[in-house]
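Written out below as C-alpha cells is the structure these notes cover.
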Amino acid sequence: MTFRQRYTGLIDRYRDRLPIHDDTRIISLGEGNTPLIRLHHIPKMLGKEVDIYVKYEGLNPTGSFKDRGMTMAVTKAVEEGSRAIICASTGNTSAAAAAYAARAGITAFVLIPEGKIAQGKLAQAMMHGSIVLQVQGNFDAGMKLVKEVAEEAPVTIVNSINPYRLQGQKTAAFEIVEELGRAPDYHCLPVGNAGNITAHWIGYCEYSRRDDEIVTHACAFCEGHCRFGGGITGNRPKMVGYQASGSAPFLRGAMVDNPETVATAIRIGHPQSWGQAWRVQEESNGWFDECSDAEILAAQKLLAEKEGIFCEPASATSVSGALRDIERGRIPEGSTVVCTLTGHGLKDPDTAIKQSTRPVLTIPAELDAVKRAILGNL
Ligand SMILES: *Cc1c(COP(=O)(O)O)cnc(C)c1O
C-alpha cells in the first residue's frame, strides 16, 4: 500500500508558479484542491449535449474561493513584516482575512457594509477575532476608505488590488486543467470586482504557453509575478462573466452608484479590476451578461435540489447564466463548460430558508404522525 502525500495547501502545491521564496513562512489552512463535480440531472433536464462541471469553491477552509488569494496575500504580508491587514468586504474576503490573520498571529481590520452581509460571514469575521468596522455605506464606500487609510496607517490591503491575491486565485484554473486534461471550452463565473475572472485567465494563459521552460513574465495583469510555460494545455477557454442585474456595471458600460441584489457577494458597483476584466473578455472572445435576482435564486435552488450542491446566491449566478446561454445555443452543444461556485450555501442561511418552498412540518411525537407524514409525501 502506498500513501498519498499530505496536501498542505496551494502555495506548497504550486510553489514553482508563485512568487514565493524557499524559506518563506507559508500561512495556510489547506486551501485549494476543491472538487470539480460533473452535473448529471441538470444537463438532462435541458435536453442538451453539454458537459457541465462545477468547481465547488465553497469547500475551501472558510467556505469561499477568497482563501486561495488570502493564503498568498497574508503569507506575503507577513514576509514583508506587516503586523496588520485590512480589507473592505461584502463578507467572504473579511471571513478569509480574519481566519488567515488568526493563523498568522496578526491583526485583521475588516470594513463591511452595515446590514448587507450574510449571517455566516459576519459570524466568521467575529469568531476569528478580527476588528469589524461596520460602515454606513456600501462595499464601494468601504473600498475607498481602505485605500485612503492604508496611505496613512501601517496596514497591508488584502483586497484583490493586492497583486498576490490574483496569484493565489489563478491556481483554480491550474486544478481544472489538470483534472480535465485540457482547459474547458467555456469558463463561467459570477463577477463582482472581477478579480477572480482575471485570476482564472492568468492561470489558463500560464498553462497554455508551449515553452517547456517556465519563465517569469510581466503580463498585463500581474506586475511581473506570472510564470508562463510548461506547455500543460494547448487551449484556453472563452471567459464568461455574469452579473446581477441590479449590480451590473459591465453590462451598463459604466460604474453603478447604488448596486442592489440578493447576491450580496457581488453587490459591487465600482469593480476594482474593471480594465483587466474587459481585457480578459476581449482576449478570450468571451462576454458579459446579467441575471435577475429571481433567476439567480432559481439556479441556487436547482443545484441544491437536483444535484445536491449548496452554494450561496452569488455563486449560482454562474450556473444561472450558463444554463440560459446553453439553452439559447450561445454556448453550443458538444462544449465542455466549467462554472465556478464561489461560496458555500451555509454562508447565507437566511436567504436559503426564505426561498425554500418545502414547509417544515410540525408533528406530535407519535409514530402515527410520522407514518402519516411519510405516506403523504411519497
Ligand atoms: C468575492 C465573491 C465573488 C466575486 O468575485 P470577484 O473577484 O469580486 O469578481 C463572487 N461570489 C462570491 C461568493 C464571492 O465571495
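Atoms within a ligand are numbered from 1 in the order they appear, just like the ligands themselves. Keep in mind the model is a prediction, meaning the values are calculated, not measured. Numbering of residues begins at 1 and proceeds along the displayed sequence.
Residue contact check: A314 has heavy atoms under 4.0 Å from atoms 11 (N) of ligand 1. The V191 neighbourhood of ligand 1 comprises atoms 9 (O), with distances under 4.0 Å to a heavy atom of that residue. Those atoms of ligand 1 with a heavy atom of G195 less than 4.0 angstrom away are 6 (P), 7 (O), 9 (O).
Closest to atom 7 (O) of ligand 1 by heavy atom, among L189, N196, N92, is N196.
The side chain of E312, and not its backbone, has at least one atom closer than 4.0 Å to an atom of ligand 1 (non-hydrogen atoms only; side chain from C-beta on). Residue contacts with ligand 1 for A194 involve N, CA, C or O but no side-chain atom from C-beta outward (heavy atoms, distance under 4.0 Å). By the criterion of a heavy-atom distance under 4.0 Å, the side chain of I266, and not its backbone, is placed next to ligand 1.
In this structure, atom 12 (C) of ligand 1 lies nearest to the protein heavy atom T342 OG1, 3.2 Å. The nearest heavy-atom contact from the protein to atom 5 (O) of ligand 1 is F65 CZ, 3.5 Å. Of the protein's non-hydrogen atoms, K66 NZ, 2.9 Å is the one closest to atom 14 (C) of ligand 1.
Between H187 and Y204, a ring centre-to-centre spacing shorter than 6.0 Å is recorded.
A salt bridge does not link R324 to E327: none of the charged nitrogens lies less than 4.0 Å from a carboxylate oxygen. Contact check on E31 versus R13 returns no salt bridge, with no Lys/Arg side-chain nitrogen under 4.0 Å from an Asp/Glu carboxylate oxygen. R227 and D16 are not joined by a salt bridge, as no carboxylate oxygen comes within less than 4.0 angstrom of a charged side-chain nitrogen. Ion pair R182/D185 flagged as a salt bridge, since at least one NZ, NE, NH1 or NH2 atom sits closer than 4.0 Å to an Asp/Glu carboxylate oxygen. A salt bridge links K116 and E260; the closest N-O separation between the charged side-chain nitrogens and carboxylate oxygens is under 4.0 Å. The existence of a salt bridge linking K76 and E80 is excluded, since no basic side-chain nitrogen approaches an acidic carboxylate oxygen closer than 4.0 Å.
Below 30°, between 30° and 60°, or above 60°: for W274 and W278 the angle between ring planes is above 60°, a perpendicular geometry. Aromatic ring orientation, F174 versus Y207: parallel (interplanar angle below 30°, classes split at 30° and 60°).
Checking only distances, S64 never comes within under 3.5 Å of ligand 1, N or O to N or O. Here's the thing with N193: one of its N/O atoms is less than 3.5 angstrom from an N/O atom of ligand 1.
Heavy-atom separations between S160 and ligand 1 are all 4.0 Å or longer.
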